[in-house]
Amino acid sequence: MAAVLVVEDNPEHQAVIAEVVRRLGHEATLAEDGPAGLAAAIAHPPVLVVADVDLRGLDGIRMCRALRDHPATATVPIVLITGHPPAGGATPAGADAVLSRPFSVEELSDTLRRCLTSPPPRHDPAFTEALLRSLDAGVVACDLDGRLVVINQAVRDFFGDESLGVPARDWAERFGLRRHDGTPLPPDEVPLYRALGGEEVRHDGVLAHDRQNRRRWFAINARPVRDAGGKILGAVAAVHDVTAQHHQRQYERCKTEVLKALVHAPDTARAGTEVLRAISGELGWPYLRLWLVDPVTHRLRPAATHLAEGAPPVRLPPAVERGQGLAGACWAAGDPIWVPDLQAPDAAAMVEAEHYRAAVAVPVRSAEKVIGVLSVLTVEHQEPDPALTVLLSGIAGHIGAYLERRRAEELSNQLAASIGEYIALVGHELRTPLTSIGTYTDLIAEAGDGTTIGEVRELLGVIERNNARLRSLVERLLDLSALEAGHAQLTLGDVDLAAVVTAALPDVPLHTDLPDELIVPGDRARLRQVAENLIGNAVKYSPEGSTVRIGLTADEDAAVLTVSDTGIGIPAADRDRLFARLYRATNARHSGIPGAGLGLALSRAIIELHRGTITLGENAGGGTVATVRLPRR
């Protein structure tokens, strides 16, 4: 008695079909949904499949196609039952018959009898070869000794024609097969070889490289081939290319990890490093670099670089012009650039990286402006991939949005925490000297008529000192306002920055590393004002006997002045706000060290008028490092 598989989720219809099958002299095997029906048919091929089109999990049309694609069920007759018969009486998805609801027992019996009594098709070798060649899935079969006896064109196209002569057990070593996680696949775990031992293999994951050294992910189903008595005669495997699905999951994980890195990064530098590490970890790329446009030199400079462990290093220039190399060309074009083969003659000008095979670069934007480039090098051949381009462009967009948000936060902090705090700071700095002037004037006014100048000279000194402090505060506030509003003009000329820094040094022991001469365009008086502010702060906020270092270096594009100390340092919460006018760090306000909180604000305004940058950082040994970068052109 042969088995007929009935795949129907309506219990009443299921019972009717099963009864008709029994009356026809066959045994009915039941399944209630598409996935269960497909699994049952492949595990034990029936003489007939009767399936409803409207099934849970996997509809009858897709189940029918899957049965036709599998070697074990490719020739099994299939009857589909539907409430919406196709136009013209066509049989969809390779079904042998379609039965429309509502139907009678007689109609059902006639349809099943016709499919059960039809002689099996007789295929000649040419037909079988054409059938195997037409399948999208790969098909491989071997005899009892592991020799391949069937290998269709889909597998040959991937592994080459010589693959037919490779025994099943030797495929792992011959073709470098790996598991999906990248670990080597032992010879005994090759799915076809496991099936030869009697094992049913379901969706086993295998990673392989094609003849262009591109990675491909496969899901393999394998089962033993048995005779009527159950004796194993060989094994057969269906090989499905799931690279697209693998990449989709991989890209989603990559995007998630990048967003996590941006959310938890404490600063811009760390964000770039963590983003590149996340991309490399998820996509397996060995070399990535984030370039950002330097506001001082208007060139691309590396902001972060990731080199995977064991990957060959790359010698790239420290800065590139617009249009220069891969990153510069991407910056100029404003669009992604793919270089599938770095060894091609027209690619030599893009990237010189002898150990790498392909490269890609995508622009990083802030609004409509390109502010950087994300570039990637890989040892594998990499053709332009629209899905990968979308992913990288999206990541670059997240980086640009992150940088824009950080810049907005920085500008917001420069304006102080609130208007109320700013007014309180101004009021404090003005009222303190005014209080001293007013109270000491009252003391003099209340003195007797016979009081001599000598008796009130000390009181007059307090008034004079606070008057000078008040006048200096007002003048510096007005000067800062003029600089920020653009009313204060710079007197530009060639300035020896080394001489300016030397002239600004106070009469205290300092460690200096200055060149004999370093010429930059700028305003000599204003640059000296910056140097005096930074060096004065380093000395003022450092305890006696501590080290203050002043360094001055340059490349062809920019001069860099660094002033580092080992003093009280800057609390992390205050670091971004110190450039706001009248703002002083909490530890400075409570230290009793005098100051108005205008020096850094003035310095920043002056440096930005010179088209430079000024930043504050934490010294490795404790204290603060102030860094000024000025263009040399």
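Basis for what follows: all heavy atoms, side chains included, without hydrogens, waters or symmetry-related copies.
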Margin query: Test: salt bridge (Lys or Arg N to Asp or Glu O under 4.0 Å). Region: residues 230-242. Which pairs qualify, not counting sequence neighbours?
Written below: none
Checklist line | Pairs touching residues 29-48 that satisfy side-chain hydrogen bond (donor to acceptor under 3.5 Å, both in side chains), sequence neighbours left out | finding: none
Check: Are the side chain of His26 and the backbone of Arg22 linked by a donor-acceptor contact shorter than 3.5 Å?
Finding: no
Item checked: Ser280 side chain vs Trp285 backbone, donor-acceptor pair below 3.5 Å -> yes
Next item on the list: Give the intermediate values and the outcome of salt bridge (charged side-chain N to carboxylate O under 4.0 Å, His left out) for residues Arg68 and Asp96.
Entry: CA-CA 11 Å; Arg68 288 289 178 252; Asp96 296 84; 2.8 Å; yes
Margin query: Can a donor-acceptor pair be found, under 3.5 Å and without considering hydrogens, that links the side chain of Tyr193 to the backbone of Pro167?
Written below: no
Check: So among Leu288, Leu262, Leu290, which one has a side chain to side chain contact (heavy atoms under 4.5 Å, CB included) with Val275?
Finding: Leu262
Notebook entry, point to check: Okay, side chain of Asn152, backbone of Val139: is any donor-acceptor separation there less than 3.5 Å?
Noted result: yes
Notebook entry, point to check: Is there a donor-acceptor contact under 3.5 Å linking the side chains of Thr305 and Arg289?
Noted result: yes
Checklist line | Electrostatic pair Glu252-Arg249, nearest N-O below 4.0 angstrom | finding: no
Notebook entry, point to check: Looking at the rings of Phe159 and Trp171, which for Trp means the six-membered one, are their centres under 6.0 Å apart?
Noted result: yes
Notebook entry, point to check: Phe218: what forms a ring pair (Phe, Tyr, Trp, His ring centres under 6.0 Å) with it, not counting sequence neighbours?
Noted result: Phe158
Checklist line | Which residues share a side-chain contact (heavy atoms from CB on, under 4.5 Å) with Asp294, sequence neighbours left out | finding: Val296, Thr297, Arg301, Arg629
Notebook entry, point to check: Can a salt bridge be assigned to the pair Arg179 and Glu189 using a cut-off of 4.0 Å between side-chain N and carboxylate O?
Noted result: yes
Note to self: What I want to find out is whether Arg216 reaches Asp157 closely enough, with some N-O distance under 4.0 Å, to be called a salt bridge.
What the structure shows: no
Check: Partners of Arg299 by side-chain hydrogen bond (donor to acceptor under 3.5 Å, both in side chains), sequence neighbours excluded?
Finding: Glu321, Asp557
Checklist line | N-O pairing of Arg253 and Glu257 below 4.0 Å | finding: no
Check: Does the side chain to side chain contact (heavy atoms under 4.5 Å, CB included) test come out yes or no for Val150 and Val236, once each step is laid out?
Finding: CA-CA 9 Å; Val150 174; Val236 63; over 6 Å; no
Notebook entry, point to check: Of the non-hydrogen atoms in Pro363 and Cys330, which two are nearest, and what is the gap between them?
Noted result: N-SG, 3.4 Å
Checklist line | Under the side-chain hydrogen bond (donor to acceptor under 3.5 Å, both in side chains) test, residues paired with Arg169 that sit two or more places apart | finding: Asp188
Next item on the list: Under the side-chain contact (heavy atoms from CB on, under 4.5 Å) rule, collect the residues that match up with His247, sequence neighbours excluded.
Entry: Trp217, Thr243, Gln250, Tyr251
Check: Between Arg101 and Asp52, is there a side-chain N and carboxylate O pair less than 4.0 Å apart?
Finding: yes
Next item on the list: Kindly write out the residues that satisfy side-chain hydrogen bond (donor to acceptor under 3.5 Å, both in side chains) with Arg56, not counting sequence neighbours, or none if the list is empty.
Entry: none
Next item on the list: Flag yes if more than 12 heavy atoms outside Gln245 fall under 6.0 Å of its CD atom; otherwise flag no.
Entry: yes
Note to self: Just to verify, what does Thr268 make a side-chain hydrogen bond (donor to acceptor under 3.5 Å, both in side chains) with, not counting sequence neighbours?
What the structure shows: none
Check: Who pairs with Arg223 by salt bridge (Lys or Arg N to Asp or Glu O under 4.0 Å), at least two apart in sequence or on another chain?
Finding: Glu200
Note to self: Donor-acceptor check, side chain of Gln14 to backbone of Glu8, threshold 3.5 angstrom: yes or no?
What the structure shows: yes
Item checked: Check: Tyr356 and Val314 side chains under 4.5 Å, non-hydrogen atoms -> yes
Note to self: Considering only residues two or more places apart or on different chains, which pairs with a residue in residues 372-397 satisfy salt bridge (Lys or Arg N to Asp or Glu O under 4.0 Å)?
What the structure shows: Arg215-Glu380
Note to self: Tell me which pairs pass ring-ring contact (aromatic ring centres under 6.0 Å, His included) where either residue lies in residues 306-346, with sequence neighbours left out.
What the structure shows: none
Check: Roughly how far, to the nearest 0.5 Å, is CG of Leu99 from CG of Leu80?
Finding: 10.0 Å
Checklist line | Salt bridge present between Asp145 and Arg147 (N-O < 4.0 angstrom) | finding: yes
